[in-house]
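These numbers come from the heavy atoms of this one structure, side chains and all, not from hydrogens, waters or symmetry mates.
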Amino acid sequence: MGNRRKAPAWAARMRSRWRKQKMAWLAAGICAAAAVLICMPLLMIPGGSLMDGAEMNHILSPILGEGKGFAVWHLIPVYPTMAHFYGLLIESPAFYQLFWNTVGMTAAILAGQLVVGLPSAWAFAAFRFRGRDFLFGLYVVLMLLPFQVMLLPQYIVLQKLHLYNHPAAVILPAIFSTFPVFIMYRGFTQIDAEILEAARLDGAGELQIFIRIGLPLGKMGIQAAMVLSFLEYWNLVEQPMAFLEEQAAWPLSLYLPQIGIGQAGFAFALAVVVLIPALFVFALGQDALEEGIAYIGVKT
């Protein structure tokens, strides 16, 4: 038997590189298809906000039982109109009341989380004290508990404080949320302990270290916590639904579900307006958000 000629090394490397490239293209295709599928409801919102009533009724007629076949959505309306935005922004004064309710609640929550959460996160990251690990573990447990578990205790406390059916019933529990503390804590843990020790040896006080070292070096974690909190509380549903009875105190997140299917275009227009601040904040804080999410996976 003759000896087989061995393939050149460069050919083996080319085959290996080609296989890796094919796997990369396959993974990219799967991710792109999944991204389109996930984002499709979001892509439908702008088109729906510009559809006139006749086109919207025609598309939704199979869903409403008034037509046969399947609903076929148009990403670009055949007859675009701004009537829904006019009705929302000009003819609906209730929208502005609920909009400013949402702005006020979200701003108060974020400000409160900075006042309460920043010192807590810095204390966990910069100091070692008795019971620290137990207390931080308790923070993590509270962060993992769903709202349904905490609903009854919060309701009882708010009733005792005479805060039920008041915006403070939503604001105060959110201020003491443990999740932003966790994010800011992970940002502070990225600061080298030797820097803090050197500052103490130079005679800097703890408050001075916090302001001059902790805040500048931990700003990405702080920004990430604020962006995540904004996205959560701008669209808050369960807490206002449980603790606010009067519609005048509602945020926009409760106004949207009250709109019936017969006003689908109006609902789409409202969804666009609600999305704009969230997209704006996400765009401004995207870098900090990505780095903050990376902090969660970094071991201390």
Side-chain angles (χ1 to χ4, degrees), residues 18-82 84-85 88 102 106 143-144 146-148 179 183 224-238 241 251-297:
W18 175 244
R19 283 195 298 267
K20 291 179 179 179
Q21 190 173 10
K22 286 195 298 184
M23 293 300 297
W25 279 107
L26 179 61
I30 294 174
C31 291
V36 171
L37 184 63
I38 293 171
C39 294
M40 185 58 67
L42 187 62
L43 298 176
M44 295 167 61
I45 294 176
S49 65
L50 297 175
M51 288 184 185
D52 65 359
E55 184 178 2
M56 182 70 70
N57 292 334
H58 175 72
I59 291 175
L60 297 179
S61 59
I63 300 175
L64 301 175
E66 300 173 356
K68 298 180 180 179
F70 298 94
V72 180
W73 192 263
H74 304 153
L75 291 179
I76 301 177
V78 179
Y79 304 106
T81 177
M82 297 295 291
H84 302 306
F85 287 100
L88 175 66
T102 307
T106 307
M143 181 180 68
L144 298 177
F147 170 72
Q148 292 79 4
F179 182 68
I183 298 294
M226 292 298 98
V227 171
L228 289 172
S229 291
F230 177 88
L231 296 177
E232 177 181 0
Y233 294 109
W234 181 258
N235 302 294
L236 202 61
V237 174
E238 292 178 324
M241 186 179 296
L252 277 175
S253 55
L254 292 189
Y255 182 45
L256 187 57
Q258 305 300 315
I259 302 174
I261 190 65
Q263 295 178 293
F266 185 86
F268 278 116
L270 177 59
V272 169
V273 174
V274 173
L275 274 174
I276 290 174
L279 293 175
F280 180 73
V281 170
F282 177 79
L284 287 179
Q286 184 176 3
D287 293 339
L289 183 61
E290 292 174 356
E291 189 165 344
I293 293 175
Y295 287 157
I296 301 176

Verify, without hydrogens or angle tests, whether Glu55 (side chain) and Val78 (backbone) share a donor-acceptor contact under 3.5 angstrom.
->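 Side chain of Glu55 to backbone of Val78: a pair is present.
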For [X] and [Y], which heavy atoms make the closest approach, and how far apart are they?
X      : Y      : value
His84  : Ser49  : CD2-O, 3.3 Å
Trp234 : Ala278 : CD1-CB, 4.4 Å
Leu50  : Phe85  : CD2-CE1, 3.9 Å
Pro77  : Pro80  : O-CD, 3.8 Å
Ser253 : Val237 : CB-CG2, 3.9 Å

Begin from the C-alpha positions of Met51 and Thr81 and carry the test side-chain contact (heavy atoms from CB on, under 4.5 Å) through to its verdict.
-> CA-CA 6 Å; Met51 288 184 185; Thr81 177; over 6 Å; no
Do [X] and [Y] come close enough that some side-chain heavy atom pair is under 4.5 Å?
X      : Y      : result
Leu42  : Leu275 : yes
Phe268 : Val272 : no
Pro277 : Phe230 : yes

What's the separation between atom [atom1] in [X] and atom [atom2] in [Y], rounded to the nearest 0.5 Å?
X      : Y      : atom1 : atom2 : answer
Phe179 : Leu144 : CZ    : CG    : 10.5 Å
Leu270 : Ile45  : CG    : CD1   : 10.5 Å
Leu252 : Leu236 : CG    : CG    : 12.5 Å
Ile30  : Trp25  : CD1   : CH2   : 14.0 Å

Within a reach of under 6.0 Å around CG of Leu26, are more than 12 heavy atoms found that belong to other residues, nucleotides or ligands?
->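 Yes, CG of Leu26 has more than 12 neighbouring heavy atoms, counting only those of other groups under 6.0 Å.
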